[in-house]
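Comments concern the structure below.
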Amino acid sequence: MKEYDTYIFDLDGTLLCTLEDLAASTNYALRKNGMPEHSIDEIRMFVGNGVKKLMQRAIPNGENNPKFEQTYALFRQHYLEHNLDTTHPYEGIPELLAELKRRGKHLAIVSNKFYTATQELARHFFPDTIEVAIGERETIKKKPAPDTVIEALKQLGVTAERAVYIGDSDVDIMTAKNCNLPCISVLWGFRDKNFLIEHGGTTFVHHPKEILF
């Protein structure tokens, strides 16, 4: 694996296994508003484009549902209170980040998760390794637009030269393409290899340690 100077990571499905907490908050909000709940596998396919898109997919008729806003708000409230219930780093991720940091690399997170949750999770799990964590905000276009990656590079004080983007989804592949960055697709996340290949993935890793070699 080529060595880079800057590593930009997706969060959900790449650094952290967040699916159970996302599913619990989604189903809590649906249940409280009298809507049908979803299985873990269904919610796995809903995630990747931010939590609003998650709820658009989970709520019957999406934003056209008259209870959409109150259900979405309840999801956000519940998730901020419960996003650490089962969430944890994937095996090998803390060691990967520590080794990259030891080598003097710049490390950032760029996520479509809302900004507050992105910041809190980064501080909780990666306080000594991740320098910058960018989440979804109304004032900046989310992935696959390049804006959040550009902001992360700016906050790191580096250019895109010798930077790489690492993620687990088709959105991440498109984001890297829109930023003119190479993309490493991880195979421990929310999408399988065939899906990633169909959406343009070309470089894959089965374990975090492969990124180092």
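Worth saying up front: this structure is predicted, and the values here are computed from it rather than measured. Here, residue 1 is the first one in the sequence, and each next residue gets the next number.
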Counting distance only, does the side-chain N/O of [X] pair as donor-acceptor with the main-chain N or O of [Y] below 3.5 Å?
{"X": "Gln70", "Y": "Lys67", "result": "no"}
{"X": "Asn27", "Y": "His38", "result": "yes"}
{"X": "Asn178", "Y": "Pro144", "result": "yes"}
{"X": "Gln119", "Y": "Tyr115", "result": "no"}
{"X": "Trp188", "Y": "Thr14", "result": "yes"}
{"X": "Asn33", "Y": "Met35", "result": "no"}
{"X": "Gln155", "Y": "Ala152", "result": "no"}
{"X": "Asp21", "Y": "Thr86", "result": "yes"}

Legend entry - Test side chain to side chain contact (heavy atoms under 4.5 Å, CB included) applied to Phe204 and Ile184, step by step: CA-CA 6 Å; Phe204 306 96; Ile184 298 172; over 6 Å; no

Report yes or no: do [X] and [Y] belong to one cluster of Ile/Leu/Val/Met/Phe/Trp/Tyr joined by side chain heavy-atom distances under 4.5 Å?
{"X": "Val110", "Y": "Val158", "answer": "yes"}
{"X": "Leu11", "Y": "Ile211", "answer": "yes"}
{"X": "Val149", "Y": "Val132", "answer": "yes"}
{"X": "Leu100", "Y": "Phe125", "answer": "yes"}
{"X": "Leu212", "Y": "Tyr4", "answer": "yes"}

Inset, instruction - May I ask you to check whether Tyr165 and Lys177 show a side-chain donor-acceptor distance below 3.5 Å? - result: no

Legend entry - Any donor-acceptor N or O pair under 3.5 Å, side chains Gln56, Lys53: yes

For [X] and [Y], which heavy atoms make the closest approach, and how far apart are they?
{"X": "Asp12", "Y": "Ser111", "result": "OD1-OG, 4.0 Å"}
{"X": "Ile93", "Y": "Pro208", "result": "CD1-CG, 3.7 Å"}
{"X": "Thr129", "Y": "Leu107", "result": "O-CD1, 3.5 Å"}
{"X": "Ala122", "Y": "Ile109", "result": "CB-CD1, 4.0 Å"}
{"X": "Tyr79", "Y": "Lys113", "result": "OH-NZ, 2.7 Å"}
{"X": "Phe75", "Y": "Leu22", "result": "CE1-O, 3.8 Å"}

Inset, instruction - Would you check, one step at a time, whether the test side chain to side chain contact (heavy atoms under 4.5 Å, CB included) holds for Asp41 with Arg44? - result: CA-CA 5 Å; Asp41 285 338; Arg44 180 190 302 275; 3.9 Å; yes

With a 4.5 Å cut-off on side-chain heavy atoms, are [Y] and [X] touching?
{"X": "Val164", "Y": "Leu181", "answer": "no"}
{"X": "Phe213", "Y": "Met1", "answer": "no"}
{"X": "Asp172", "Y": "Phe9", "answer": "no"}
{"X": "Ile8", "Y": "Leu153", "answer": "yes"}
{"X": "Val186", "Y": "Ile166", "answer": "yes"}
{"X": "Leu80", "Y": "Thr116", "answer": "yes"}
{"X": "Val51", "Y": "Tyr72", "answer": "yes"}
{"X": "Lys52", "Y": "Phe68", "answer": "yes"}

Measure the [atom1]-[atom2] distance between [X] and [Y] for me, rounded to the nearest 0.5 Å.
{"X": "Ile197", "Y": "Thr202", "atom1": "CD1", "atom2": "OG1", "result": "9.5 Å"}
{"X": "Ile43", "Y": "Glu37", "atom1": "CD1", "atom2": "CD", "result": "8.5 Å"}
{"X": "Leu96", "Y": "Tyr90", "atom1": "CG", "atom2": "OH", "result": "14.5 Å"}
{"X": "Met55", "Y": "Ser25", "atom1": "CE", "atom2": "OG", "result": "9.0 Å"}
{"X": "Thr159", "Y": "Ile150", "atom1": "OG1", "atom2": "CD1", "result": "12.5 Å"}
{"X": "His124", "Y": "Leu84", "atom1": "NE2", "atom2": "CG", "result": "4.5 Å"}

Inset, instruction - Please report the C-alpha distance between Leu16 and His88 in whole Å, then the side-chain angles of each, then the deciding distance to 0.1 Å, and finally whether the side chain to side chain contact (heavy atoms under 4.5 Å, CB included) criterion is met. - result: CA-CA 6 Å; Leu16 294 179; His88 58 276; 6.0 Å; no

Does [X] come within less than 4.0 Å of [Y], counting only side-chain N to carboxylate O?
{"X": "Glu99", "Y": "Arg102", "answer": "yes"}
{"X": "Lys101", "Y": "Asp128", "answer": "no"}
{"X": "Lys141", "Y": "Asp147", "answer": "no"}
{"X": "Glu3", "Y": "Lys105", "answer": "yes"}

Legend entry - Test log, rule side chain to side chain contact (heavy atoms under 4.5 Å, CB included), inputs Thr18 and Phe190: CA-CA 10 Å; Thr18 57; Phe190 298 159; 3.7 Å; yes

Inset, instruction - Give me the one residue out of Thr148, Asn112, Asp10 that meets side chain to side chain donor-acceptor pair (under 3.5 Å) with Lys143. - result: Asp10

Inset, instruction - Decide if the gap between the ring center of Tyr7 and the ring center of His106 is smaller than 6.0 angstrom. - result: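 No, the ring of Tyr7 stays outside the 6.0 Å limit from the ring of His106, centre to centre.
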
Inset, instruction - Indicate the ring-plane relationship of His78 and Tyr28, choosing parallel, tilted or perpendicular according to the 30° and 60° boundaries. - result: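 Parallel.
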
Legend entry - Quiz item: cation-pi between Arg191 and Phe195, 6.0 Å / 45°: yes

Inset, instruction - Measure from NZ or CZ of Arg137 to the centre of the six-membered ring of Phe114, then state whether that distance is under 6.0 Å and the direction lies within 45° of the axis. - result: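 Judged by the rule (NZ or CZ under 6.0 Å from the ring centre, within 45° of its axis), Arg137 is not positioned above Phe114.
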
Legend entry - Flag if over 12 foreign heavy atoms under 6.0 Å of CD, Glu95: yes

Legend entry - Glu20, CD atom: more than 12 neighbouring heavy atoms under 6.0 Å: no

